[in-house]
Asker: 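There's a structure below that I have some questions on.
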Number of protein chains: 2
Amino acid sequence: MSVTLKDVAQAARVSVSTVSRALTGTGLTSERTQQRLVRIARELGYRPNPIARGLKTGQSRLVALLVHNLTNASFQVMAEVVQARLKALGYQMLLCIGGDDPQQESDTLATLVDHRIDGLIVVPTGKNGAQLKTLSKDVPIVCLVRRDDATDLETVLADDPQGAYLGTRHLIELGHKRIGLIVGRQDTTSGRERLSGYVRALREAGIARDDTLIHAGHFEPETGATCARKLLDLPRPPSAIFVANHEATLGVLRVTAERNIAIPDDLSLLCYEDMPWFEWHRPAISIVDNGARDLANLAVDRLLHRMDAKGNGNDGVREYRVGARLIKRDSCRRIDALAPAKSAKSKSSSSKSSAAKSAKV
Amino acid sequence: MSVTLKDVAQAARVSVSTVSRALTGTGLTSERTQQRLVRIARELGYRPNPIARGLKTGQSRLVALLVHNLTNASFQVMAEVVQARLKALGYQMLLCIGGDDPQQESDTLATLVDHRIDGLIVVPTGKNGAQLKTLSKDVPIVCLVRRDDATDLETVLADDPQGAYLGTRHLIELGHKRIGLIVGRQDTTSGRERLSGYVRALREAGIARDDTLIHAGHFEPETGATCARKLLDLPRPPSAIFVANHEATLGVLRVTAERNIAIPDDLSLLCYEDMPWFEWHRPAISIVDNGARDLANLAVDRLLHRMDAKGNGNDGVREYRVGARLIKRDSCRRIDALAPAKSAKSKSSSSKSSAAKSAKV
DNA sequence: CGATAGACTGCAAACGATTGCAGAAACGCT
DNA sequence: AGCGTTTCTGCAATCGTTTGCAGTCTATCG
């Protein structure tokens with residue numbers, strides 16, 4: 001079917017091994033034949049067969065990226081970054097979707113190593129630590145975004161404590177004293193860490209922590225809606241909400257729209273992790289950027305390092321943190337410390353929005 | 001490193017070939033040894049090496065999906081569908097991102113066939129027809145969403161004429177007579193087809209085509225903004241806008257928000273292809289669904305068919321169309337035929353929105 | 001009881017590359 | 001000229017499977 005080394009060898013009247021050496025550029029062939037063979041190979045349209053090569057060398061030039069889904073914008077950019085970086089180095093990316101499901105993750109991991117992938121970047125579910133640990137003996141692995149506590153794998157994490165701190169501080173600096181927090185499940189690292197960043201910022205500013213303003217929940221839009229309602233229905237509702245649970249954002253936005261709450265006039269809104277449409281939304285939504293791009297790049301760097309190092313590429317560092325940064329757009333507003341802004345409450349109690357509420361909630 | 005057939009054979013004191021036959025279930029081994037070998041293989045944790053197998057059989061159990069990007073929601077669901085279907089059949093999906101760039105597409109295609117993929121689903125750029133045609137001799141290929149006119153490859157397409165027709169008719173049925181259309185570049189199939197569907201619906205309803213209401217442009221948010229402005233600035237602006245250019249949607253939404261145009265009260269808005277947040281948006285945005293899920297499923301069906309058929313799986317059909325359907329949400333409103341609704345124009349000429357306009361446009 | 005079909009099994013050659021080893025050629029040196 | 005180096009090339013084994021062919025064994029039948 002396709003042109004093999006043998007074909008080239010025959011055409012050039014030399015042995016297969018000579019062709020192999022010439023084309024891989026080992027320097028063990030004479031300049032003259034080297035060039036001649038390269039030319040002939042090109043003329044014949046020879047393309048090395050990675051499968052055959054892989055069988056012999058045990059390498060596949062395949063690197064896998066295992067993420068939970070592709071709906072999350074962060075995973076999208078990570079996939080694109082990883083793909084671009086790897087392609088430039090002659091690797092093919094195997095993108096796998098694990099759905100945050102341990103069983104699927106486990107299956108996928110197994111088939112991946114079967115395929116002799118040269119490296120793996122994985123967002124672990126956290127439930128297959130043992131397996132990951134075993135596999136890491138055969139193949140370089142870097143964890144991304146989440147840590148699997150059962151392993152000591154090299155892990156590239158977002159700096160969530162820092163990000164949440166930055167976001168909260170921003171709101172405080174704008175004069176907000178009552179800041180609602182909608183955050184993820186507290187049995188996840190990111191959930192806990194973001195809460196801690198929020199708390200730290202509050203403490204530094206000398207603002208008392210008010211647990212009625214803090215809501216933790218699942219990574220789903222519905223959670224955002226529920227929590228937002230609870231916050232807005234408070235006797236003294238917050239003047240700002242920090243949605244540090246990415247997936248919950250849609251729910252929050254829906255509730256504010258339903259209740260006709262103007263952002264940022266009635267309520268300041270700060271979200272976590274970008275979505276492509278945030279900057280097109282009016283008002284453009286301010287966010288804490290978790291640095292998806294940087295995360296992906298660093299993960300690739302570390303993976304490549306390990307792959308080069310052939311086994312023991314651990315430089316002692318187990319964990320890398322990628323700085324978060326604040327992207328100010330138009331959804332947060334300074335409130336006057338002296339004459340506090342009308343609270344969202346006042347608006348939501350108007351006849352119109354309460355009608356909307358009873359109708360749609 | 002890992003357990004091979006040889007290891008199993010030694011443990012069982014039989015030959016490698018027997019083990020191979022027993023495990024692949026060719027029925028050429030006695031019931032008894034078959035079961036024994038399977039048991040031993042499992043005990044030893046044997047896992048077949050796809051690379052070695054691939055070298056011999058010429059198959060890799062890898063199927064590639066080549067799309068333009070992952071930002072587009074349709075591509076996301078397609079990727080997820082394809083991945084799920086293939087995994088169930090024991091294939092691994094190789095997801096590649098071509099960026100709608102002919103050069104990248106060409107490179108990727110080449111490495112994919114090098115890797116001896118068993119099948120390929122591709123959203124073609126349209127510039128590598130010759131290459132695709134050549135490759136299709138070696139590997140089953142199905143085109144998705146776009147046709148490459150230089151080939152006669154089997155192609156699964158959305159029914160854009162139908163979708164655009166459905167959408168337009170919906171707006172007409174709601175009483176709209178002046179319907180703005182924002183559509184994609186006219187050198188793409190989808191761009192042309194959607195325009196034709198729109199025109200057909202108009203004609204059927206006996207509404208004269210007004211070219212000032214029709215804007216074709218690039219697949220970018222900015223295009224949407226520009227076109228929306230042009231439409232809204234018309235002496236007699238439309239009462240409804242049909243955004244049949246998915247990527248342009250964000251731009252349109254921004255402009256309506258900037259100008260404080262209430263949807264659907266001041267303007268009805270109908271979009272093409274879903275985004276995950278459309279139903280969370282207030283008002284929830286009505287769309288014409290291009291059937292991404294069905295498209296992906298059909299593409300997989302056809303590909304599998306071809307892969308089974310070993311070469312000549314063409315059933316004469318070259319082109320499949322997947323029906324579009326209308327999803328009514330809250331962004332389109334019935335307008336009274338007798339007393340026409342206040343047009344967007346009246347609103348946009350209020351002091352507030354014109355201030356916004358001069359400031360931000 | 002011997003022949004023979006039928007059911008299993010093993011040998012060995014592939015698949016297309018890489019690579020250790022040894023032979024050949026070319027060269028310089030005494 | 002003879003010898004040792006150096007440089008290049010080819011032979012053949014190997015990676016882990018699959019598979020055609022031939023051989024072995026059992027059972028069946030005449």
Side-chain angles (χ1 to χ4, degrees), chain A residues 1-38 40-41 44-62 90 111 113-118 138-139 310, chain B residues 1-38 40-41 44-62 90 111 113-118 138-139 310:
Chain A
M1 189 183 76
S2 62
V3 186
T4 73
L5 268 193
K6 199 158 113 190
D7 299 328
V8 181
Q10 266 165 6
R13 322 204 125 272
V14 291
S15 76
V16 197
S17 26
T18 307
V19 185
S20 170
R21 281 188 275 252
L23 296 187
T24 48
T26 51
L28 293 170
T29 63
S30 72
E31 189 81 1
R32 230 173 65 78
T33 48
Q34 146 107 347
Q35 296 193 343
R36 190 170 69 96
L37 293 182
V38 168
I40 297 186
L44 263 55
Y46 168 76
R47 310 212 83 210
N49 180 335
I51 307 246
R53 178 179 286 171
L55 179 57
K56 183 69 199 179
T57 63
Q59 316 209 298
S60 58
R61 310 245 64 173
L62 250 35
T111 41
V113 294
D114 281 352
H115 277 283
R116 300 298 187 273
I117 49 169
D118 292 347
D138 290 342
V139 96
K310 290 257 168 203
Chain B
M1 189 183 76
S2 62
V3 186
T4 73
L5 270 192
K6 199 158 115 189
D7 298 327
V8 180
Q10 267 166 4
R13 322 204 125 271
V14 293
S15 77
V16 198
S17 24
T18 306
V19 186
S20 171
R21 280 190 276 251
L23 297 187
T24 48
T26 50
L28 293 171
T29 62
S30 72
E31 189 82 359
R32 230 172 66 77
T33 49
Q34 147 106 346
Q35 296 194 345
R36 190 170 70 95
L37 293 182
V38 168
I40 298 186
L44 263 55
Y46 168 76
R47 310 211 82 211
N49 180 334
I51 307 246
R53 177 178 288 172
L55 179 56
K56 183 69 200 182
T57 64
Q59 315 208 299
S60 58
R61 310 246 65 175
L62 251 35
T111 41
V113 295
D114 282 352
H115 277 283
R116 299 297 188 273
I117 50 169
D118 292 346
D138 290 343
V139 87
K310 290 258 169 204

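Order of the sequence lines sets the chain letters (A, B, ...), proteins ahead of strands, with each chain counted from 1.
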Asker: Which of these nucleotides, C/dT9, C/dT18, C/dG16, is closest to any side-chain atom of A/Val16?
Answerer: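 When the side chain of A/Val16 is considered, C/dT18 is the closest of C/dT9, C/dT18, C/dG16.
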Asker: Which whole-number value in Å describes the distance from B/Lys56 NZ to C/dG16 P?
Answerer: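 For the pair B/Lys56 NZ and C/dG16 P, the rounded distance is 9 Å.
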Asker: Could you tell me how far apart B/Glu31 (CD) and C/dG6 (C1') are, to the nearest whole angstrom?
Answerer: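 So the two atoms are 17 Å apart, to the nearest Å.
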Asker: Please check this pair: side chain of B/Ser60 against backbone of B/Arg116, looking for a donor-acceptor N/O pair closer than 3.5 Å.
Answerer: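 Answer holds: yes.
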Asker: Measure CG/A/Asp7 against C1'/C/dA17 and give the value in whole Å, please.
Answerer: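 Going from CG in A/Asp7 over to C1' in C/dA17 covers 13 Å.
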Asker: Among the nucleotides C/dT9, C/dG16, C/dT18, which one has an atom lying closest to any side-chain atom of A/Ala52?
Answerer: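 Minimum distance to the A/Ala52 side chain belongs to C/dG16.
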Asker: Does A/Pro50 reach a base, just sugar-phosphate, or nothing at all? Heavy atoms under 4.0 Å.
Answerer: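 Result for A/Pro50 = nothing.
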Asker: Might you point out which heavy atoms bring B/Ser2 and B/Asp7 nearest each other, and give the distance in Å?
Answerer: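 Scanning both residues, the minimum pair turns out to be O-OD2, 3.8 Å.
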Asker: Please name all residues satisfying side-chain hydrogen bond (donor to acceptor under 3.5 Å, both in side chains) with A/Arg21, sequence neighbours left out, ordered by chain then number.
Answerer: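 A/Arg21 satisfies side-chain hydrogen bond (donor to acceptor under 3.5 Å, both in side chains) with no other residue.
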Asker: I want to verify a distance call: between C/dG16, C/dA17, D/dG20, whose nearest atom is closest to the A/Leu5 side chain?
Answerer: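 So the nucleotide nearest the side chain must be C/dA17.
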Asker: How many whole angstroms separate atom CG of B/Leu28 from atom C1' of C/dG6?
Answerer: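 One finds 13 Å between C1' of C/dG6 and CG of B/Leu28, rounded.
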Asker: Nearest 0.5 Å please: distance from the CZ atom of B/Arg53 over to the CG atom of A/Leu55.
Answerer: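 If we round to the nearest 0.5 Å, B/Arg53:CZ and A/Leu55:CG are 13.0 Å apart.
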Asker: Under 4.0 Å between any heavy atoms, over every strand shown, what does B/Thr26 touch: base, sugar-phosphate, or nothing? Just pick one.
Answerer: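 Nothing: the residue B/Thr26, judged by heavy atoms under 4.0 Å, touches no strand.
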Asker: Please report, rounded to the nearest Å, how far the C1' atom of C/dA14 is from the CD1 atom of A/Ile51.
Answerer: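 So the two atoms are 16 Å apart, to the nearest Å.
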Asker: Any donor-acceptor pair under 3.5 Å joining the side chain of A/Arg21 to the base of D/dG10?
Answerer: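 It does, because a donor-acceptor pair links the side chain of A/Arg21 to the base of D/dG10 below 3.5 Å.
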Asker: Can you check the A/Arg36 CZ to D/dT9 P distance for me, whole Å?
Answerer: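 It works out to 9 Å between those atoms.
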Asker: Please determine if a side-chain N or O atom of A/Thr4 lies less than 4.0 Å away from the OP1 or OP2 oxygen of C/dG16.
Answerer: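 So the side chain of A/Thr4 is outside the cut-off, no N or O lying under 4.0 Å from OP1 or OP2 of C/dG16.
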Asker: Whole-Å distance between D/dT17 C1' and A/Asn49 CG?
Answerer: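 Distance, rounded to whole Å: 14 Å.
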Asker: Got a second to check how far A/Gln10's CD is from A/Leu5's CG, nearest 0.5 Å?
Answerer: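 These two atoms lie 11.5 Å from each other.
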Asker: Between A/Arg36 and A/Gln34 (side chain of the first, backbone of the second, donor and acceptor by atom type, cut-off under 3.5 Å), is there such a pair?
Answerer: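 No, because the side chain of A/Arg36 does not come within donor-acceptor range (under 3.5 Å) of the backbone of A/Gln34.
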Asker: Counting only side-chain nitrogens and oxygens, does A/Ser20 get under 4.0 Å of the OP1 or OP2 atom of C/dT18?
Answerer: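 It does, given that an N or O in the side chain of A/Ser20 lies less than 4.0 Å from OP1 or OP2 of C/dT18.
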Asker: Check this one for me: any side-chain N or O of B/Ser30 less than 4.0 Å away from OP1 or OP2 of C/dT9?
Answerer: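 Yes, B/Ser30 has a side-chain N/O under 4.0 Å of OP1/OP2 on C/dT9.
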Asker: Expressed as a whole number of angstroms, how long is the span from A/Arg32:CZ to D/dT7:P?
Answerer: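 One finds 18 Å between P of D/dT7 and CZ of A/Arg32, rounded.
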Asker: Would you tell me if any nitrogen or oxygen in the side chain of B/Thr18 comes within less than 4.0 Å of OP1 or OP2 on C/dC8?
Answerer: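 For B/Thr18, the contact criterion (side-chain N or O under 4.0 Å from OP1 or OP2 of C/dC8) is not met.
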Asker: In terms of side-chain heavy atoms of B/Ser15, which of D/dG10, D/dT9, C/dG10 is nearest?
Answerer: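 Per side-chain heavy atoms of B/Ser15, the pick is C/dG10.
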Asker: Using the closest heavy atom to pick a nucleotide of DNA chain C for each, name whichever of B/Arg13 or A/Tyr46 lands nearer the 5' end.
Answerer: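 Mapping each residue to its closest nucleotide by heavy atoms, the 5'-most match is B/Arg13.
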Asker: Of B/Leu55 and B/Ser17, whose closest DNA chain D nucleotide lies nearer the 5' terminus?
Answerer: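 Upstream on the strand: B/Leu55.
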Asker: Among C/dT9, D/dT17, D/dT19, find the nucleotide with the atom closest to the side chain of B/Arg53.
Answerer: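 Within the option list, the nearest is D/dT17.
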